[in-house]
A.B. asks: 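Sharing a structure with you now.
Reminder, nothing fancy here: chain letters follow the sequence lines and each chain counts from 1. Atoms considered below: every heavy atom in the structure, side chains included; atoms not considered: hydrogens, waters and symmetry mates.
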2 protein chains.
Amino acid sequence: MRKHPKRSGMQTKSAQLSAYDSLREGIAQRYPLLSDRLRVIAEFALEHPTDMALGTVAEVAARAKVQPSAIVRFAHALGFGGFTELQQVFRSRLVAGAVPSYRERIDGLRRDGSFQDSSNPHELLARFASEGTVSLENLQESVRDADLKRAIGLMGQAHAIYVLGLGGSFPVAAHLTYVLRRLGRRAILLDGLGNVLVDHVLTATRRDVVIAVSFRPYNPETVQLVPEFHARGVPIIAVTDSLLSPIVHGADVVFEIPDMPEAVLRTMVAPMCLVQSLAVGLTIKANEPLTSGATRLASSPR
Amino acid sequence: MRKHPKRSGMQTKSAQLSAYDSLREGIAQRYPLLSDRLRVIAEFALEHPTDMALGTVAEVAARAKVQPSAIVRFAHALGFGGFTELQQVFRSRLVAGAVPSYRERIDGLRRDGSFQDSSNPHELLARFASEGTVSLENLQESVRDADLKRAIGLMGQAHAIYVLGLGGSFPVAAHLTYVLRRLGRRAILLDGLGNVLVDHVLTATRRDVVIAVSFRPYNPETVQLVPEFHARGVPIIAVTDSLLSPIVHGADVVFEIPDMPEAVLRTMVAPMCLVQSLAVGLTIKANEPLTSGATRLASSPR
DNA sequence: TGAGGCATAGAATAATCATTCCATCTGCCT
DNA sequence: AGGCAGATGGAATGATTATTCTATGCCTCA
């Protein structure tokens, strides 16, 4: 139904014009031929597309100061079977304006290259690279500035920064720890060595902060540890793939980096980037402009 | 709220948070308390907000593979009077996203050009993300297919794969090791623990392979170890930033990933991607199509 | 093993909604 | 002036839709 609007009339004149745009043109075109009441509706429709998209016939009629039946007649006059069909076009505008969403993005990605033949190593590389690019773009759009600032604020106040990331997320944790230390912060990497993970909980206080990184399927130890930190009152910054993740509960700031539906393999590219931004952002806020800190970092061994 | 980090868990529904955002958080917060079916709906709602906004109860139920009544129960569980009320919130997201689409897009474009103001965390994030994107593009172009194939060939013949990456390159090494092990390869991460790095050289043979990752300024231990492996006749795959790098000598395959001149901080995004391609490419060549390996990987804890 | 409490599915119901119909009105032509 | 065609308002209708209800299944705990 929604997928195939099935408009009987009002076919798009040019393929590149959106259904909504061509509808606007169609309305403008027929405007001189319309009756008085229908003109009122036409004006209202062009001026309040959102109302047209979301309202009921009665609501739209009331707002346009006409009778409900006139609305239906208006739809008929444009070649639609009824108001419902007309409304679909207005709704398509809202959908198009909404955040692109991963799925659509990936669809575009798939269209670009012939990703099917993965037996060629170079195509595989191209595929991972593309997925990484998409995830980076998405990262920019999905991360809220306020969250970044709050996270950096928490890190700035913290006496020590505990970094928790196990399994596949460990590289992210390691990178964050590395950068933080290079920038002069007291960072503690919880690496699970010697099975003393729980002991760290006992040393952390509410004056510290925990940055927990975990993606589906969530590492059991990470899932277990986060609530224990929370119970001790340690502020928590969570980097995960969904608000439904087990490490979200109790977190003060949550960075949601959704998985790409068709990703062959989680790339960790976006989390790495985010985490790096946190560390460097912290330094910039606390100290001096970026260049100075970057210089120090660049001259350290890798 | 922010002034006094009292942390009641989850983010406070401050005024600047949109109704939609706080709904998302509300759903996440209650998620653990929900029943099975309601959790399915919660996941669907967070993943398909547009469907929630525009669909009827029956349609949403069908797409989420649940009964219509469950949808209504879900709305009740969140404190709404019914699905209609819940839907209003999802619609508000569409409305909010639609109107500023033009104006904001232009604002965003203008922001793109001025990366100078790095004091804003979000701009910093955008900057890192952009650098990552560029480095990924460069990676695709600069890496030669023949090198990939030779590297994969060496790894395929190897009895064990030694992964050497210290300092800033350690996350790359950790990631490679993780993926290799998940794919059933014998991978040995040289992490420097216990100062027994040199001992690994004694166990490696010409039937093994070393993948060494190091970037300027090169980690001394890595620089020292690579020739020792070479002296024992162990094949070497080098991932570094220049052909003049100290780990290039004696390497059988060299992947050169140059630093970006204006980069604030090396992002490690490209090496991560390359290394992942090597691991997955190895599996594809040796075994079956990608999907199988990816499935196994996806079901492992992170 | 059996009883009790929840969760669920599916049908029944109540509400809402789009659409149609018809009486009335308006303007126009003869 | 009278008749006609189209337009309009408002109520009636029929369809769609949200919501409620109840029987059934499932799990838990005694």
A.B. asks: Could you go over nucleotides 23-26 of chain C and give all protein N or O partners under 3.5 Å, atom names and distances?
C.D. replies:
none

A.B. asks: side-chain contact (heavy atoms from CB on, under 4.5 Å) with S245(A): which residues, sequence neighbours excluded?
C.D. replies: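 So S245(A) forms a side-chain contact (heavy atoms from CB on, under 4.5 Å) with Y218(A), T240(A), D241(A), I247(A), V248(A).
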
A.B. asks: Run the side-chain contact (heavy atoms from CB on, under 4.5 Å) test against A158(A) and tell me which residues pass, sequence neighbours left out.
C.D. replies: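 Checked A158(A) against side-chain contact (heavy atoms from CB on, under 4.5 Å); matches are I161(A), V209(A).
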
A.B. asks: Would you kindly give the CD-to-C1' distance between Q87(A) and dT16(C), to the nearest whole Å?
C.D. replies: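 Q87(A) atom CD is separated from dT16(C) atom C1' by 14 Å.
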
A.B. asks: Quick one: L33(B) CG to dA7(C) P, roughly how many Å, whole number?
C.D. replies: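 Whole-Å distance recorded here is 11 Å.
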
A.B. asks: With Q224(A), which residues qualify under side chain to side chain donor-acceptor pair (under 3.5 Å), at least two apart?
C.D. replies: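 Expected list: none.
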
A.B. asks: Figure out the CG/C1' separation between D36(B) and dC26(D), and round it to whole Å.
C.D. replies: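 It is 11 Å, rounded to the nearest whole Å.
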
A.B. asks: For the backbone of M52(A) and the side chain of E59(A), can you confirm whether one donor and one acceptor N or O come within less than 3.5 Å of each other?
C.D. replies: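 Looks like no, no N/O pair under 3.5 Å.
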
A.B. asks: According to a strict under-4.0 Å criterion, is H76(B) in side-chain N/O contact with OP1 or OP2 of dT20(D)?
C.D. replies: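 It does, given that an N or O in the side chain of H76(B) lies less than 4.0 Å from OP1 or OP2 of dT20(D).
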
A.B. asks: Would you please confirm or rule out a distance under 4.0 Å between OP1 or OP2 of dA15(D) and any side-chain N or O of T84(A)?
C.D. replies: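 Answer is no, no contact under 4.0 Å.
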
A.B. asks: Given atom CG of L54(A) and atom P of dA18(C), what is their separation to the nearest angstrom?
C.D. replies: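 Answer to the nearest Å: 12 Å.
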
A.B. asks: Rounding to an integer number of Å, can you tell me how far L34(B) CG sits from dC6(C) C1'?
C.D. replies: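 It works out to 14 Å between those atoms.
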
A.B. asks: Looking at DNA chain D, which of residues 58-75 of chain A put a heavy atom within less than 4.0 Å of it?
C.D. replies: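 Correct list: Q67(A), S69(A), R73(A).
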
A.B. asks: Judged by modelled atom types alone, do H175(B) and Q276(B) share a side-chain donor-acceptor pair under 3.5 Å?
C.D. replies: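 Looking only at side-chain atoms, Q276(B) and H175(B) do form a donor-acceptor pair, the distance falling under 3.5 Å.
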
A.B. asks: What pairs meet the ring pair (Phe, Tyr, Trp, His ring centres under 6.0 Å) rule with one or both residues in residues 35-61 of chain A, with sequence neighbours excluded?
C.D. replies: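 Listed once each, the pairs are F44(A)-H48(A).
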
A.B. asks: Just the rounded figure in Å: distance from P of dA18(C) to CD1 of I41(A).
C.D. replies: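 So the two atoms are 14 Å apart, to the nearest Å.
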
A.B. asks: Check side-chain contact (heavy atoms from CB on, under 4.5 Å) between A160(A) and all other residues, then give those that pass, not counting sequence neighbours.
C.D. replies: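 Once residues adjacent in sequence are excluded, the partners of A160(A) under the side-chain contact (heavy atoms from CB on, under 4.5 Å) criterion are Y162(A), R186(A), I188(A), D208(A).
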
A.B. asks: Who are the side-chain contact (heavy atoms from CB on, under 4.5 Å) partners of E43(B), not counting sequence neighbours?
C.D. replies: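 side-chain contact (heavy atoms from CB on, under 4.5 Å) check on E43(B) returns L244(A), Y31(B).
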
A.B. asks: From CZ of F83(B) over to C1' of dA14(C), roughly how many Å is that when rounded to an integer?
C.D. replies: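 Answer to the nearest Å: 18 Å.
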
A.B. asks: What donor-acceptor contacts under 3.5 angstrom involve side-chain atoms of residues 69-79 of chain B, with partners at least two apart or in another chain?
C.D. replies:
{"unit_1": "H76(B)", "atom_1": "NE2", "unit_2": "G81(B)", "atom_2": "O", "d": "2.9"}

